[in-house]
Amino acid sequence: MAKACDQVWITGIGLISSLGEGAALHWNKLCGAGTLRPVIDPQRFAPYTVHPLADIDFSKQIPRTSDQRQMERWQRIGVYAAGLALADADIAGDQELLEKTHLCIAAGNGERDIALDSRILAGNHADGAQGAYLNQNLATGLRPTLYLGQLSNLLAGNISIVHKATGSSRTFKGEEMAGASAVADAVNRIEAGQGEVFLVGGALNAEREDVLLGCELAGSLYSGPHHSVWQRRPQGGGLVPGSVGAFLVLEAAEHARRRGVVPYARISGIVSDRSRRRVGEASSVAASLFKDLRLNPANEDIGVLSGASGVEPATSEELQFLAELERQKFKPVVRAWGSALGHSLEAHFFAGLALASLAVSNDAFYPPFDAFEDKGDAKSHPDRVLVTTFGHWRGEALALVQSAW
Amino acid sequence: MTNAYRDSKGRPLVAVTGLGVVTSLGQGKEDNWAALKTGRSGIRPITRFPTDGLRTTIAGTVEFLGIEPYSASALSAAMAIAAATEAIEQARIASSTFPGPLYLATPPAEIEWPQRRALYDASSTSTETGYKRLLAAARGSEWRELHAISQFASVAECVARRLGTRGLPVSVSTACASGATAIQLGVEAIRRGDTTAALCIGTDSSVQIEALIRFSLLSALSTRNDAPAEASRPFSKERDGFVMAEGAGALVLESYQAAIARGANVLGIVLGCGEKADDYHRTRSKPDGTAIIGAIRNAVADAGVDPGDIDYVNAHGTSTPENDKMEYMSLRAVLGDHLTTTPASSNKSMIGHTLSASGAIEAVFSLLTIQNGVLPPTINYVTPDPEIPIDAVANSARPAEVRTVLSNSFGFGGQNVCLVLGAPL
């Protein structure tokens, strides 16, 4: 099918994390002089470290306290970042435009009532009465509204309610790959003329023991002394979760031109696959995906924003893939944003796309996020940025962000 | 470009060439259709876990696949694979691999109480409590079987491995509209020319203690525990909530051109899909029904048909006071007087509400309705709700020539997705 649209533009960014709020703040902090100091909290969930969310006044984007009460924190983080993106793209408050804004959201599980779970687990019960004990405690202890905080699709639901974006609403699942699926759905639909304006994104509240438990059961949680994602292998690897809300407005170029909006960048490719994750498979699947992006090396720098989590063997597989790029005469300048913001699962890919858009629109690239990363050419300003994501246990995806001009 | 393989908008027509289904009524189209035609209910008392002291103790569970111990992800995957295998065999499209992507609607993935308790008890010498103790236990040893339960991608991963679908499997949730969304994703991919075939599945296995209690606390469930088969009463005056149920529905979609080219037997056409998000409330529809109406209108417009062309409505019909009233009002708004002569029945009267799977299961049943020329009934329709003057195909199946079906799916979080399904050309 012929493309109905020439380019997919990124016209809005909403980003909040441990570093603070807003696209500009992230750009400035990540490009600032000196070595980056990630914001971490190694105590609260010891032996695990998390990147806690900066102080955010949620009422700025979610003015009604009744709305805030109906949400768990991951939803507030997402609804807040979504509001920032809509405002940034000059869509917020434009009822006509919001009615045709489609949502493609990546979400995992909602939050559990940790106190209730703990109380029930601690309770004494005769073996035979376990069922009745559990039933009674759940029936009297669970808050009805909590359920709505737990449904994956209720982040999207709350965005529709609070920001009035109601074109359509789809929630994708599956950890990091949920982000890739959501972006691919939006990009494909824009290119085929199946929609013009999309709000895509995700949110993670990392400061939750139930999130940590899910990662630990997968054997993916890092518990050693804090290191960047590239330097955890000697300790067995693992991810350090970070609270992040990351949203983008994706728009058909023609649509954005008509309303006079200046883009940050464009998404010129999004590809994904799943390998079986036997040795070497993830890197070779990524290499073949990279081929699909049809890039010419031309001995030019290519900025790589790596979504590496620190989890092994996925992180080593990604390093193999990046080494292969060099063999193909590309000059990748690699930055793993997980070292700066933490790993944000469903939200992670969107955060990488947001940072890539900022680099392209500022015509500059980030200094190393840790000592392992090569400084690259100081004057390096790649006009194309590859965003990678290797799921901590499955899935590989790449996106290419380029200048819209 | 207009030709026999394209719709009125010039897009590739999307054919259905394989169907598969599992519900509490049984495994496979044959058993399910036989039960639907005779108005049999699959709703029974729950035996999976103790129901002492609960307000609702009935559900439409799937116990015959032998998944022991039960976990939502294991049963979801097993039902999805069973339904998809049936669909693929009917389509005669694949041997060891399926030549297209997988779009899968799945329920939430989370550790359930038996596993949480086992984890807690595993470190019985621990002086820690709560999640600190759970985390210590998780750190202390391998819990591979719990890994699958706690990761959303696991059901899709398992299904993709078994059926050899192409690329990254896509897991989607639009609550109780998820099954319809999975189909819509496949339709859109084929229309774009991204693929000539897609496997679309909805699966749900949520009958576990906490999900039951959560729905119960929202006052969403029927409490007619004494007569389980009579509990789901869509469009009846005395309806008092839905009945949770399990199942899976699978459809093999192909571009019509590719299906004809390989000599496939075309079972039906997905004529159109429509969606519209609601911004009113987390569990209730906008009182004026505009979002539901918008979804129905979008589906009809996408299909390029006239509301008057709809021969039958496979209703969402959950049996909650709110849904059935809003659904009627919205159908009335779009179909107008045509609704008076258009039958609209609810499969949920027999199979209960299969949540994430319902859109896919009911699409399968809609196509069986077209194929067999028989409308499945709304059972337990004894006292019609006077505010819902609808031809609900009361209590017994009825022969009818059906060429075009509207299938509705609505979910919490303002999710509304409608499909228009048509007879083979």
Side-chain angles (χ1 to χ4, degrees), chain A residues 1 70 103 108-109 114 117-118 121-122 131-132 134-136 138-139 142 144 147-148 150-154 156-158 160-161 164-175 177-178 180-181 185 188-189 192 194 209-210 212-214 216-219 223 272-274 391 393-395 397, chain B residues 49-54 106 108-111 113 116-117 120 129-131 134-135 138-139 143 146-147 150-153 156-157 160 167-175 181 185 188 191-194 209-210 213-214 216-218 275-283 291 411-415:
Chain A
M1 187 190 245
Q70 298 269 338
L103 306 181
N109 280 325
I114 302 283
D117 284 354
S118 304
L121 287 168
L134 182 61
N135 294 356
Q136 194 201 342
L138 286 174
L142 283 173
Y147 183 34
L148 302 171
Q150 282 181 315
L151 283 177
S152 303
N153 71 305
L154 257 290
N158 279 300
S160 289
I161 290 169
K164 305 295 168 195
T166 60
S168 66
S169 169
R170 298 178 186 175
T171 296
F172 295 86
K173 305 193 295 190
E175 293 71 49
M177 290 305 116
S181 295
D185 189 52
N188 292 339
R189 285 158 74 191
Q194 292 168 332
E209 286 172 307
D210 49 352
L212 299 179
L213 182 61
E216 183 60 274
L217 284 170
S223 57
S272 63
D273 204 347
R274 61 170 274 281
W393 71 281
R394 57 79 90 167
Chain B
F49 50 83
T51 55
D52 317 43
L54 299 182
T106 57
E110 55 183 350
I111 306 162
W113 277 99
R116 192 175 289 111
R117 170 61 68 190
Y120 194 79
T129 57
Y131 273 71
L134 293 173
L135 281 160
R139 255 193 325 274
W143 295 85
L146 291 194
H147 177 206
S150 63
Q151 302 291 313
F152 258 119
E157 176 73 13
L168 183 73
V170 173
S171 300
V172 72
S173 172
T174 53
T181 301
L185 288 168
E188 288 175 352
R191 284 178 177 172
R192 286 194 296 263
D194 294 352
I209 181 64
E210 195 166 308
I213 289 176
R214 288 177 196 154
S216 191
L217 288 171
L218 290 171
E275 56 192 329
K276 182 71 190 160
D278 202 329
D279 60 5
Y280 178 69
H281 188 271
R282 287 156 191 87
T283 58
F412 283 170
Q415 310 272 186

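Naming: A, B, ... by sequence-line order, numbering from 1 per chain. Just the heavy atoms: all of them, side chains too, but no hydrogens, waters or symmetry mates, feed the values below.
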**Prompt:** So, A:D117 and B:Y131: side-chain donor and acceptor under 3.5 Å apart, yes or no?
**Reply:** yes

Counting C-beta onward and ignoring hydrogens, is there a side-chain heavy-atom pair between B:P108 and A:N109 closer than 4.5 Å? yes

Scanning both residues in full, the closest heavy-atom pair of A:N153 with B:F412 reads ND2-O, 2.9 Å

Correct closest heavy-atom pair for A:G214 and B:Q151 would be O-NE2, 3.4 Å

Rounded to the nearest 0.5 Å, the CG atom of B:L185 sits from the CZ atom of A:F172 at a distance of 5.0 Å

side-chain contact (heavy atoms from CB on, under 4.5 Å) filter on B:A138, not counting sequence neighbours, yields A:L213, A:E216, A:L217

Honestly, the part of A:Q70 sitting under 4.5 Å from a heavy atom of chain B is both

Separation between CG (A:L138) and CD1 (B:I213), nearest 0.5 Å, reads 4.5 Å

Hits for salt bridge (Lys or Arg N to Asp or Glu O under 4.0 Å) against B:R214, two or more places apart or cross-chain, chain-then-number order -> B:E110, B:E210

Scanning both residues in full, the closest heavy-atom pair of B:R117 with A:L121 reads NH1-O, 3.0 Å

So, the part of B:T283 with a heavy atom under 4.5 Å from chain A: the answer is side chain

Note: vs chain A, highest number of non-hydrogen pairs under 4.5 angstrom among B:G53, B:P169, B:G414 is B:P169

Less than 4.5 Å apart, side chain to side chain, heavy atoms only: is that true for A:T171 and B:T174? no

Under 4.5 Å to a heavy atom of chain B? For A:L151 that would be side chain

Do A:E175 side-chain atoms and B:A153 backbone N/O form a donor-acceptor pair below 3.5 Å?
yes

Applying a strict 4.5 Å limit to non-hydrogen atoms, the region of B:W143 in contact with chain A is both

Bottom line for B:L135: the part with an atom under 4.5 Å from chain A's heavy atoms is both

Assert top hit (heavy-atom pairs under 4.5 Å, partner chain B, pool A:G391, A:A397, A:S272) equals A:S272

Residues B:E275 and A:S168: closest non-hydrogen pair is CD-CB, 3.1 Å

**Report entry** Whether A:N135 side chain and B:D52 backbone form a donor-acceptor pair below 3.5 Å
**Finding:** yes

Shortest non-hydrogen pair, B:D279 vs A:S160, comes out as CB-O, 3.1 Å

* Asked: Less than 4.5 Å apart, any side-chain heavy atom of A:D185 and any of B:E188?
  -> yes

Cut-off 4.5 Å, heavy atoms of chain B, and the answer for A:R170 is both

request  = Would you confirm whether B:K276, through its side chain, and A:T166, through its main-chain N or O, come within 3.5 Å as a donor-acceptor pair?
outcome  = yes

Whatever's closer than 4.5 Å to a heavy atom in chain B on A:L154 counts as side chain

Note: vs chain A, highest number of non-hydrogen pairs under 4.5 angstrom among B:R139, B:H281, B:Q415 is B:R139

Counting heavy-atom pairs under 4.5 Å with chain B, the top scorer among A:A178, A:S169, A:S223, A:G174 is A:S169

dist B:D278:CG -> A:I161:CD1 (nearest 0.5 Å) comes out at 8.0 Å

Okay, B:F49 and chain A: the region with an atom under 4.5 Å from a heavy atom over there is neither

Note to self: Are B:V172 and A:K173 packed together at the side-chain level, in the sense that at least one heavy-atom pair is separated by less than 4.5 angstrom?
What the structure shows: no

A:S118 and B:G130 have their tightest heavy-atom pair at OG-CA, 3.5 Å

So CG of B:L134 and CG of A:L212: to nearest 0.5 Å the spacing works out to 11.5 Å

